[in-house]
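Since the structure comes first, as structure tokens, the remarks are kept for the end.
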Amino acid sequence: KPVMVTADDDRTVRAMIQSMFEAHAQVIMAEDGKSALEAVEKYKPDLLLLDDTMPAMTGLRLAEKLKADYPALTTHIIMLTASDRPQDRERAEAAGVMDYIMKPFDPYQLSAQVWQTLARIVR
């Protein structure tokens, strides 16, 4: 099973994501960036699904930290965000974020993106 870490401070979003993917992936839940970092270090996930706006450490800051501290890490990062500012998107891409999904998101779009990503990276 592929491993994905989902970091979102919204319990409802975490529960929805877990129910969408748990049958076919090991889904590790994190409620903030710091616990997501610990999960990445422990599980070395195939996919990291990050909310950008979280307490303790934002998703963007976590992506930047992972790129700086773990340059060999190959985890695919999808950012969930309400910000559509070009400078935020550029900063996310520079931090290694591969896909950007706007909040509020369509669960079908998210599901399609996650499965498409996992199909490419999990052999």
Side-chain angles (χ1 to χ4, degrees):
K1 271 186 169 180
V3 177
M4 64 185 282
V5 170
T6 298
D8 198 303
D9 58 329
D10 185 324
R11 181 177 301 162
T12 304
V13 172
R14 287 194 314 268
M16 179 189 66
I17 289 170
Q18 183 164 16
S19 69
M20 287 170 66
F21 302 110
E22 68 186 347
H24 302 287
Q26 180 182 358
V27 183
I28 305 347
M29 292 291 149
E31 60 189 33
D32 59 40
K34 284 190 176 189
S35 55
L37 176 60
E38 292 168 5
V40 168
E41 291 170 341
K42 181 176 181 180
Y43 296 100
K44 306 291 188 272
D46 301 295
L47 176 67
L48 184 55
L49 195 56
L50 286 180
D51 177 23
D52 187 32
T53 309
M54 295 183 289
M57 182 186 303
T58 67
L60 181 56
R61 179 67 194 115
L62 174 57
E64 290 172 335
K65 182 165 183 50
L66 290 172
K67 183 172 184 172
D69 295 353
Y70 302 95
L73 188 71
T74 59
T75 299
H76 190 100
I77 301 173
I78 298 175
M79 181 77 69
L80 301 173
T81 182
S83 173
D84 199 20
R85 298 181 337 177
Q87 61 267 34
D88 291 340
R89 202 176 272 262
E90 289 170 13
R91 190 171 159 204
E93 288 173 11
V97 172
M98 288 105 171
D99 294 300
Y100 211 75
I101 296 178
M102 294 300 300
K103 278 187 163 185
F105 56 85
D106 174 347
Y108 296 105
Q109 176 199 5
L110 176 65
S111 180
Q113 184 65 54
V114 166
W115 290 123
Q116 178 183 8
T117 300
L118 288 175
R120 277 197 323 259
I121 60 178
V122 176
R123 309 253 183 275

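Scope of the values below: all heavy atoms of this structure, side chains included, with no hydrogens, waters or symmetry mates.
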Find out whether L110 and I17 are in side-chain contact, i.e. whether some heavy atom of one side chain is under 4.5 Å from a heavy atom of the other. yes

Should Y100 and L80 be marked as a side chain to side chain contact (heavy atoms under 4.5 Å, CB included) after you check the CA-CA gap, both sets of side-chain angles, and the distance that decides it? CA-CA 6 Å; Y100 211 75; L80 301 173; over 6 Å; no

Can you check side chain to side chain contact (heavy atoms under 4.5 Å, CB included) on H24 and K1, steps first, answer last? CA-CA 6 Å; H24 302 287; K1 271 186 169 180; 5.9 Å; no

What's the shortest heavy-atom distance between P55 and D32, and which atoms? O-CB, 3.3 Å

Take atom NZ in K34; do more than 12 heavy atoms of anything else shown fall under 6.0 Å from it? no

Is it the case that the side chain of K65 and the backbone of L60 share a donor-acceptor pair, with hydrogens and angles ignored and the cut-off at 3.5 Å? no

State, with a plain yes or no, whether a side-chain heavy atom of Q113 is found less than 4.5 Å away from one of I101. yes

Before you tell me yes or no, could you show the steps for R91 and E64 under salt bridge (charged side-chain N to carboxylate O under 4.0 Å, His left out), namely the whole-Å CA-CA distance, both residues' side-chain angles and the distance that decides it to 0.1 Å? CA-CA 9 Å; R91 190 171 159 204; E64 290 172 335; 2.6 Å; yes

Where do A63 and V97 come nearest, in terms of heavy atoms and distance? CB-CG2, 4.0 Å

Note, V40 side chain near L73 side chain (heavy atom, < 4.5 Å): yes

Does H76 reach the side chain of D99, with side-chain heavy atoms less than 4.5 Å apart? yes

Residue among T6, L62, I78, T81 satisfying side-chain contact (heavy atoms from CB on, under 4.5 Å) with L50: L62

4.5 Å side-chain heavy-atom contact, R14 and E31: yes

With side chains defined as the heavy atoms from C-beta onward, is the minimum distance between I28 and P45 less than 4.5 Å? no

Donor-acceptor pair between E41 and Y70 side chains, under 3.5 angstrom: yes

Answer yes or no: is there a side-chain heavy-atom contact under 4.5 Å between M20 and V27? no

I need the minimum non-hydrogen distance between M16 and P107, along with the two atoms involved. SD-CG, 4.1 Å

Rounding to 0.5 Å, atoms OG1 (T53) and CG (D9) come to a distance of 7.5 Å

Distance (rounded to the nearest 0.5 Å) between E38 CD and Y43 OH: 11.0 Å

Got P2 and Q26 here, is their nearest side-chain heavy-atom distance under 4.5 Å? no

State the CH2-OG1 distance between W115 and T117, to the nearest 0.5 angstrom. 11.0 Å

Least distance between heavy atoms, T58 atom then R61 atom: OG1-N, 3.0 Å

Does K103 pair with D84 as a salt bridge, N-O distance under 4.0 Å? no

Quick one: CE on M4 to CD on E22, what's the gap to the nearest 0.5 Å? 11.0 Å

Atom pair CG (L48) and CG (L37), whose distance is rounded to the nearest 0.5 Å: 9.5 Å

Nearest heavy atoms of F21 and S111, plus distance in Å: CZ-CA, 3.8 Å

Measure the CG-CE distance between D52 and M79 for me, rounded to the nearest 0.5 Å. 4.5 Å

